[in-house]
2 protein chains.
Amino acid sequence: MKKGLSQICYKFFSCLSNPTRLAAIEKLIEKPMSVNEIANALGEEQSMISHNLKTLLECNLITSNRLGKKRIYSLNTETMEALLKIVKNHAKKYCPKGGKCPVKED
Amino acid sequence: MKKGLSQICYKFFSCLSNPTRLAAIEKLIEKPMSVNEIANALGEEQSMISHNLKTLLECNLITSNRLGKKRIYSLNTETMEALLKIVKNHAKKYCPKGGKCPVKED
DNA sequence: ATTACATATGAATAATAATTCATATAAAGC
DNA sequence: GCTTTATATGAATTATTATTCATATGTAAT
């Protein structure tokens with residue numbers, strides 16, 4: 001593993017580079033939810049969602065607190081909203097059609 | 001692949017979740033460089049850097065232009081500076097020691 | 001048109017990460 | 001303490017991504 005930037009950013013971005021975790025984040029934008037709520041909403045297995053939420057927790061991109069038998073997960077909105085704003089802006093600029101982003105050759 | 005947020009963000013974050021690419025970006029923060037300059041600076045193989053720069057190009061996180069026999073790569077500073085600012089801020093808040101980020105349990 | 005230098009590409013291998021499944025732990029009510 | 005519900009965990013399998021190596025392409029100078 002390299003030093004500097006890599007060290008700081010690698011885990012952070014790795015955490016976000018997974019469709020299941022991004023889908024979970026998308027759900028958590030709506031409201032805090034339990035594991036099963038997310039799993040049902042996404043049509044995925046409970047244990048898979050649990051594994052992935054753990055990854056997000058370790059990056060501090062979500063937080064959790066227990067509520068009876070359930071555990072409620074909440075989005076770290078401070079970081080995530082700022083982040084999504086940038087990504088959406090980047091996408092709007094470079095991938096206007098949503099699908100493939102053309103690369104301009106010069 | 002899931003829709004929505006995932007669709008937009010997945011490639012973007014995947015592109016950034018690789019130590020070699022992050023190290024290359026770190027070099028490009030200093031100044032625009034050719035493939036060999038980056039490869040030498042990082043002590044990596046030319047073809048590996050070339051492959052990774054291609055990935056960054058496809059995400060529009062860098063641009064390139066030819067200069068004689070060389071091809072000079074430049075950072076998309078607009079997106080990257082904003083992005084790094086957020087990540088650094090997040091790291092400062094949650095991983096003050098730089099190493100492992102503690103997860104607070106509640 | 002041949003050579004040297006710079007970069008790119010494809011395909012194989014190696015490395016890493018994700019998902020699944022079986023099972024363990026935790027909380028709450030009876 | 002037993003049962004039910006909710007979540008977590010570990011290990012095996014599967015899938016994805018990176019790297020390497022050999023080679024091809026592109027540019028410029030002689």
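Only a predicted model underlies this, so the values are computations on that prediction, with no experimental measurement involved. Each chain gets a letter, A, B and so on, in the order its sequence line appears, and its residues count up from 1.
We find that CG of A:Leu22 is positioned 14 Å from C1' of C:dA18, with the value rounded to whole Å. Residue B:Tyr73 contributes atom OH, which lies 8 Å from atom P of C:dT7 at whole-angstrom precision. Residue A:Ile72 contributes atom CD1, which lies 15 Å from atom P of C:dA27 at whole-angstrom precision.
The side chain of B:Asn36 contributes no N or O atom lying less than 4.0 Å from OP1 or OP2 of C:dC5. OP1 or OP2 of C:dA8 lies within a sub-4.0 Å distance of a side-chain N or O belonging to B:Arg71. Note on A:Ser34: a side-chain N or O is less than 4.0 Å away from OP1 or OP2 of D:dT7. Between D:dT27 and B:Arg66, a contact under 4.0 Å exists linking OP1 or OP2 to a side-chain N or O. Residue B:Asn52 places at least one side-chain N or O closer than 4.0 Å to OP1 or OP2 of D:dT19.
Applying the 3.5 Å distance criterion, the base of D:dA8 shares a donor-acceptor pair with the side chain of A:Gln46.
A salt bridge links B:Glu78 with A:Lys93: the distance from a Lys NZ or Arg NE/NH1/NH2 to an Asp or Glu carboxylate oxygen falls below 4.0 Å.
By the 4.5 Å heavy-atom criterion applied to side chains, B:Glu37 and B:Lys27 are not counted as neighbours.
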Would you tabulate the nitrogen or oxygen pairs shorter than 3.5 Å linking the protein to nucleotides 10-15 of chain D?
residue, atom, partner, partner atom, Å
D:dG10, O6, A:His51, NE2, 2.6

Could you list all N or O pairs between the protein and nucleotides 15-17 of chain C that sit under 3.5 Å apart?
residue, atom, partner, partner atom, Å
C:dA17, OP1, A:Tyr10, OH, 2.6

